[in-house]
Amino acid sequence: MRTLPAVLAALAVLLAPPAHGRTLHVPAPAAGDTSRAAAAAIAEAQPGDTIVLGAGVHRGPLRIAHPIVLTGEPGAIVDGGHRGTVIEVGASGTQLESFAVRASGTRVIDIDSGIHVLRAGGVLVRDVRLDDVLYGVYAERADDIHVSHCTLTGRVQPLDESGEGNGIHLWYCSDSDVHDNDVSHFVDAIYLSFVTRMDAKRNRLHDNGRYGLHTMYCQQNRFVENEVTRDVAGCALMFTNHVEISRNQIVRNRGPRTYGLLLRDCSDGRFEGNRLVDNTIAVFMDGSNRNHLEGNLVQDNGWGILLFSSSAGNVFTGNDFINNDYPVALDMRRTDNHFDDGTHGNYWSDAAAFDLDGDGVSDVPYAPVSAFAFVSKQYPDLAVLAKSPAVASLAVAERVFPSLRPSEAVDHFPRVRPATSPAPGGPRVVRETGPEAAAPRDWGAAAGFAAAALVGLAGLVAGRRA
């Protein structure tokens, strides 16, 4: 037992890489030269060495079995020839920096990737451009992987869900960091499966076949300050808990079934300060419980919140719902979801707010679920009647007769002005409050109500004459 520390210290010395490795320069082969100098240099490298690829095209595949630094001069490219994986990393502590990777194979079953990290921790991929690849960066059981300042471009057309391959694909990884990347033309820009404590920051995820961010069976991940646009769903979180989604731009995800946030069996998450603008459905929740959504801008969407009865205990507070066709739609009358936290509610652009005491909170509670939204959720074809006089009359009737409301969902403290600045193109918001403030005028509803009154009066007169 006394010799155990000494033995461990000796092993650490023997296994540790040299403090200062060699620097090896590998020029690109001339046109027509089929030699693979880069692969030979990597095979001969010792732990801690740095290999610098010269400008030009280097033939892949490259296999890294020792912790080295692989970098490139401007214009250095590693070409896979459309066969297999271009660069495979099997050594912890490897660094890949400042070169381009292109032309991986096409076989999903073989995970043909631009860069494939297998059972290697602490790998760094920085300032690498990947083009024409099936998978961009695929990491399997690779903890503490860092992918930053990379541009990844796949082969999938936007909104084509039949495509194959993901941009950054992590499987059974923990404590990873993915930031400042541009990812497009994959099925999913970032796909996480059984991933814990991953941070994704300031990435631009756009024009993908399916999802910007897709998680399955993940815990304690953070997705902060990213831009997600022109995908089927900005973020699709499934069987994922304790997630933080904050300060993201989730915009223009449009299509027959597209979403800004799709939550399926996702619980105990926090969604704060996001801008969900111009999506078919801003937030969809099914089987998702105890989530907290606060300070989000939900504007110019078809549906603001689409909430299934399988979801409970969710709290919506401090959000701004502006110019959505249907602010909230539920499929149940009784609900355990709350649209205020007991003291603070949300802003609703279509609410006729009255603030006589000038405290910034409407004196009248607001029911965000309209009867028409409740029915059209079950029968989507009715959406063509959304702006009709009949629907406007129904909305007025709901305000006059609360018993007509289809759901118990109520914001008891609705704000009279938004907390965030509306997105460009949004409606002008009157910010004055107090007894002298004029309530927003709903001329369509007034006209519908007047028409309904005239019809009723005509019927009454005709009945008396008869």
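Everything numeric in this text was worked out from a predicted model, so none of it was measured.
- The local environment of CZ in Arg290 is crowded, with over 12 non-hydrogen atoms from other residues, nucleotides or ligands closer than 6.0 Å.
- Remark: side-chain polar atoms of Ser288 are paired, donor with acceptor, to backbone N or O of Leu263 under 3.5 angstrom.
- Of all heavy-atom pairs between Val156 and Gly209, the closest is CG1-CA, 3.9 Å.
- No option in Phe194, Tyr172, Trp171 other than Phe194 meets the ring pair (Phe, Tyr, Trp, His ring centres under 6.0 Å) test with Tyr217.
- In this structure, Val315 and Leu293 have side chains that are not in contact, with every pair of non-hydrogen atoms separated by 4.5 Å or more.
- Side-chain contact, Asp325 with Trp303: no donor N or O sits under 3.5 Å from an acceptor N or O.
- The only option from Phe339, Trp348, Phe271, Phe321 that meets the ring pair (Phe, Tyr, Trp, His ring centres under 6.0 Å) definition with Phe316 turns out to be Phe339.
- The side chain to side chain contact (heavy atoms under 4.5 Å, CB included) test with Leu261 is passed by exactly one of Val283, Leu213, Asn253, Asn291: Val283.
- When each of Leu170, Asp177, Leu124 is tested with Ile145 by the rule side chain to side chain contact (heavy atoms under 4.5 Å, CB included), just one qualifies, namely Leu170.
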His214 vs Tyr191, test: ring pair (Phe, Tyr, Trp, His ring centres under 6.0 Å). Steps then yes/no. CA-CA 5 Å; His214 186 190; Tyr191 178 87; 5.0 Å; yes
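- Aromatic pair His149/His179: ring centres closer than 6.0 Å.
- Judged by distance alone, the side chains of Asp127 and Ser98 do bring a donor and an acceptor atom under 3.5 Å apart.
- Between Ile322 and Pro418 the shortest heavy-atom distance is CD1-CB, 4.3 Å.
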Start with the C-alpha distance between Arg252 and Asp278, add both sets of side-chain angles, then the distance that settles salt bridge (Lys or Arg N to Asp or Glu O under 4.0 Å), and finish with yes or no. CA-CA 5 Å; Arg252 287 185 293 280; Asp278 193 24; 5.2 Å; no
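- With hydrogens and angles disregarded, a donor-acceptor distance shorter than 3.5 Å links the side chain of Asp340 to the backbone of Gly342.
- The residues Arg197 and Asp175 are annotated as salt-bridged, a charged nitrogen and a carboxylate oxygen being separated by less than 4.0 angstrom.
- Taking the six-membered ring where the residue is Trp, the centroids of Phe186 and Tyr135 are separated by 6.0 Å or more.
- In this structure, the side chains of His169 and Asp188 stay at 4.5 Å or more apart for every pair of heavy atoms.
- Using a 4.0 Å cut-off between a side-chain N of Lys or Arg and a carboxylate O of Asp or Glu, Arg210 and Glu161 do not qualify as a salt bridge.
- Atoms CG and CZ, from Asn208 and Arg230 in turn, are 10.0 Å apart once rounded to the nearest 0.5 Å.
- What you find for Val89 and Val123 is that their closest heavy atoms are CG1-CG2, 4.1 Å.
- Using a 3.5 Å distance cut-off with no hydrogens or angles, the side chains of Thr343 and Asp341 do pair a donor with an acceptor.
- Checked for salt-bridge contact, Lys201 and Glu225 miss the test: no charged N lies under 4.0 Å from a carboxylate O.
- No side-chain donor-acceptor contact under 3.5 Å links Ser148 and Asp180.
- Looking at Thr240, its side chain does come within 3.5 Å of a backbone N or O of Met238 through a donor-acceptor pair.
- Taking both residues in full, the closest heavy atoms of Leu159 and Val232 are given as CD2-N, 3.5 Å, listed atom of the first, atom of the second, then distance.
- Judged by the 6.0 Å distance and 45° axis criteria, Arg415 is not positioned over the aromatic ring of Tyr347.
- A donor-acceptor contact shorter than 3.5 Å is absent between the side chain of Asp182 and the backbone of Thr151.
- Interatomic distance, Thr71 OG1 to Gln95 CD, rounded to the nearest 0.5 Å: 9.5 Å.
- Under the 4.0 Å criterion applied to side-chain N and carboxylate O atoms, Glu244 and Arg222 are assigned as salt-bridge partners.
- Checking side-chain atoms of Arg155 against main-chain N and O of Asp132 turns up a donor-acceptor pair under 3.5 Å.
- Using cut-offs of 30° and 60° on the angle between ring planes, the pair Phe308 and Phe284 is perpendicular.
- A ring-centre distance under 6.0 Å is not found for His344 and Phe413.
- For the pair Ile115 and Val128, the tightest heavy-atom approach, listed with the atom from each and the gap, is CD1-CG1, 4.2 Å.
- The main-chain N or O of Arg247 is found under 3.5 Å from a side-chain atom of Asn274 such that the two form a donor-acceptor pair.
- Scanning both residues, Pro67 and Ala91, for their nearest heavy atoms gives N-CB, 3.5 Å.
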